[in-house]
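Accompanying notes for the structure given below.
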Amino acid sequence: MSLKKGMAIVVCVGVGVPLAVSVGVVFAAASDDSGAWSGESVASSSGKLRTGKGYVPAQYAGLIEKAAAYCDQDLSPGILAAQIQQESGFNPDATSYEVKTDKNGNTYKVPLAKGISQFIDSTWASQGVDGNGDGVKNVRDPDDAIPAQGKMMCELLKTAKKHHGYAGSPIELALAGYNAGWKWVDYYKGVPPERFARGQTYHYVKNILASAAKYITPESSTGRLSLSGWALPVDGPLGTPYHQKGSSWSSGYHTGVDFVVPTGTPVKAAGPGVVHSAGWAGAYGNQVIIRHDDGMYSQYAHLAKTPLVKAGQKVSGGQQIGISGATGNVTGPHLHFEIRTSPAYGTDISPIPYLRKRGITL
């Protein structure tokens, strides 16, 4: 794979949209079609988008949700929505240009990336999708471009999930591959650093992850709020708080809360629900994600051993699901705990208020 042509000098002009950091799509196809990775078992999931001013234009919400649901790799519609905002500001007429210099030192611009998902011509020629079945693959038609974007991201996630030792979560690696090409993810063994391409890929990934959660509507609007059967996920003091800022996290802040406990401490389901996934999860090490009856998800990461539960299994609040440890990218043993609006990274909300509403004292 090659770095996107002119990526470091691309500007988006003439369409009244924000600067598009990424232009075009380059990805490495994967041969593993299992839908799970490194022993992790995964149950199906879905998500709904917020629509309206400041969120997703209503005419694109269904396309984005469908593109995410088509993927068997836990691709959040919130990620796709944030990605489109970053690429084009939801403008199907957006065009990005490559700035070139002729032999006389004069600069000029040539069209490079087009449409709501900002594909370059060469990538669209091989990867475009006829999403609406009209017989035409039109890069400026969201009915075609958004499904193609979802397909590309899904394949990138499949590839990312094979590289457990790379720096970054699978979704971070996939976004970096979408922006710069998988070659550079391989080269840096993770998300390219800020010094690469004047920080475009680094900030592309960071900005999308930071904004993805705002596009998701928690399913609690249609589900019931459970108030019984809830418990602390582990017996131990709180450590790193939610959204603490720092360079230790690729998103720029901590996406959950940590409980400081030694390896071997029993880890329990915070509340009743169904196990969405259980197994190895790259930087998170061994983890469990549970879907609760209000449509929210809890995550338990860095477990010492293979979880005691499997995807699809019903659990009750307080039921042991594993033991704490220090697997994945950690500096010491602890339990990393998150509450999310979807099972995907980047859709976190503050876990402390969520637990307190269910009678848990912290």
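- Once rounded to the nearest 0.5 Å, the distance linking CZ of R340 with CD1 of I349 reads 11.5 Å.
- Checked by atom type, the side-chain pair Q85/S211 shows no donor-acceptor distance below 3.5 Å.
- Minimum interatomic distance between V315 and V275 (heavy atoms only, all atoms of both residues): CG1-CG2, 3.8 Å.
- Across every non-hydrogen atom of T327 and G285, the tightest pair is OG1-CA, 3.5 Å.
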Passes side-chain contact (heavy atoms from CB on, under 4.5 Å), H163 versus D186? Steps please.
CA-CA 9 Å; H163 296 81; D186 272 334; 3.9 Å; yes
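- Taking the side chain as every heavy atom from C-beta outward, V205 and L173 never approach each other to under 4.5 Å.
- Aromatic ring pairs are classed by plane angle as parallel below 30°, tilted from 30° to 60° and perpendicular above 60°; the pair Y354 and W230 is perpendicular.
- A donor-acceptor contact shorter than 3.5 Å is absent between the side chain of D130 and the backbone of K137.
- A 4.5 Å side-chain heavy-atom check between I323 and K305 finds at least one atom pair inside the cut-off.
- P170 places none of its side-chain heavy atoms less than 4.5 Å from the side chain of Y345.
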So W184 and T201, side-chain contact (heavy atoms from CB on, under 4.5 Å) or not? Walk me through it.
CA-CA 10 Å; W184 291 103; T201 300; over 6 Å; no
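- H243 and S350 share no side-chain donor-acceptor pair at under 3.5 Å.
- Rounding to the nearest 0.5 angstrom, the gap separating the CD1 atom in I339 from the OG1 atom in T255 is 12.0 Å.
- Counting only heavy atoms from C-beta outward, the side chains of T341 and M296 approach each other to under 4.5 Å.
- You'll find the side chain of K114 reaches within 4.5 Å of the side chain of D121, heavy atoms only.
- Annotation: side chain of Q319 is not in contact with side chain of L308 (no heavy-atom distance under 4.5 Å).
- Scanning all heavy atoms of the two residues, the minimum distance from A160 to A174 falls at CB-N, 4.3 Å.
- For the residue pair Y204 and E87, a side-chain donor N or O sits within less than 3.5 Å of a side-chain acceptor on the partner.
- A side-chain donor-acceptor contact under 3.5 Å links Y300 to the backbone of A270.
- The ring pair (Phe, Tyr, Trp, His ring centres under 6.0 Å) with F196 is formed by just one residue from the set Y188, Y187, Y202; it is Y188.
- Hydrophobic clustering (side-chain heavy atoms under 4.5 Å, transitive across Ile, Leu, Val, Met, Phe, Trp, Tyr) keeps L362 apart from V260.
- If you take CD1 on I84 and OH on Y215, they are separated by 9.5 Å, rounding to the nearest 0.5 Å.
- Put simply, the side chain of D144 gets close to the backbone of N138: a donor and an acceptor are under 3.5 Å apart.
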Can you check side-chain contact (heavy atoms from CB on, under 4.5 Å) on L80 and I146, steps first, answer last?
CA-CA 9 Å; L80 291 181; I146 292 174; 5.7 Å; no
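- Using a 4.5 Å cut-off on side-chain heavy atoms (C-beta onward), Q299 and H336 make contact.
- At distances below 3.5 Å, not a single donor-acceptor pair connects side-chain atoms of H302 with backbone N or O atoms of H334.
- Of the residues listed (V267, V288, I289), the one engaging P307 in a side-chain contact (heavy atoms from CB on, under 4.5 Å) is V288, and it is the only one.
- Checking side-chain atoms of H292 against main-chain N and O of P272 turns up a donor-acceptor pair under 3.5 Å.
- Clustering ILVMFWY residues whenever any of their side-chain heavy atoms sit less than 4.5 angstrom apart, transitively, puts L63 in the very cluster that holds F90.
- For the pair I116 and D141, the minimum side-chain heavy-atom distance is 4.5 Å or more.
- The aromatic rings of F259 and F337 sit perpendicular, their planes meeting at an angle over 60°, well past the 30° parallel limit.
- Under a 3.5 Å cut-off, the side chain of N104 and the backbone N or O of N106 do not form any donor-acceptor pair.
- Distance CD1/I171 to CD1/I79: 4.5 Å, rounded to 0.5 Å.
- Taking all atoms of both residues into account, the shortest heavy-atom contact from Q287 to A301 is CB-CA, 4.0 Å.
- Taking OH of Y178 as the start and CG of L157 as the end, the distance is 12.5 Å to the nearest 0.5 Å.
- Proximity of a side-chain donor or acceptor of K151 to a complementary backbone N or O of V129 within less than 3.5 Å is not detected.
- Looking at N207, its side chain does come within 3.5 Å of a backbone N or O of H203 through a donor-acceptor pair.
- Both L232 and Y242 belong to a common hydrophobic cluster when Ile, Leu, Val, Met, Phe, Trp and Tyr are linked at side-chain heavy-atom distances under 4.5 angstrom.
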Step-by-step salt bridge (Lys or Arg N to Asp or Glu O under 4.0 Å) determination, D294 to R358
CA-CA 12 Å; D294 60 351; R358 285 148 185 80; 2.7 Å; yes
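- Judged by distance alone, with hydrogens and angles left aside, the side-chain atoms of T347 form a donor-acceptor pair with the main-chain N or O of S342 at under 3.5 Å.
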Step by step, work out the side-chain contact (heavy atoms from CB on, under 4.5 Å) result for Q73 and L156.
CA-CA 10 Å; Q73 300 295 309; L156 279 165; over 6 Å; no
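- Scanning all heavy atoms of the two residues, the minimum distance from V185 to Y166 falls at O-CE2, 3.8 Å.
- Rounded to the nearest 0.5 angstrom, Q118 CD and S96 OG are separated by 3.5 Å.
- Summarising the local packing, CG of D134 is surrounded by more than 12 heavy atoms from other residues, nucleotides or ligands at distances under 6.0 Å.
- Evaluated for a side-chain contact (heavy atoms from CB on, under 4.5 Å) with P233, the options I360, L335, I290 yield exactly one hit, L335.
- Judged purely by atom type and a 3.5 angstrom limit, R50 uses its side chain to pair as donor or acceptor with the backbone of I216.
- Taking all atoms of both residues into account, the shortest heavy-atom contact from S76 to A68 is C-CB, 4.1 Å.
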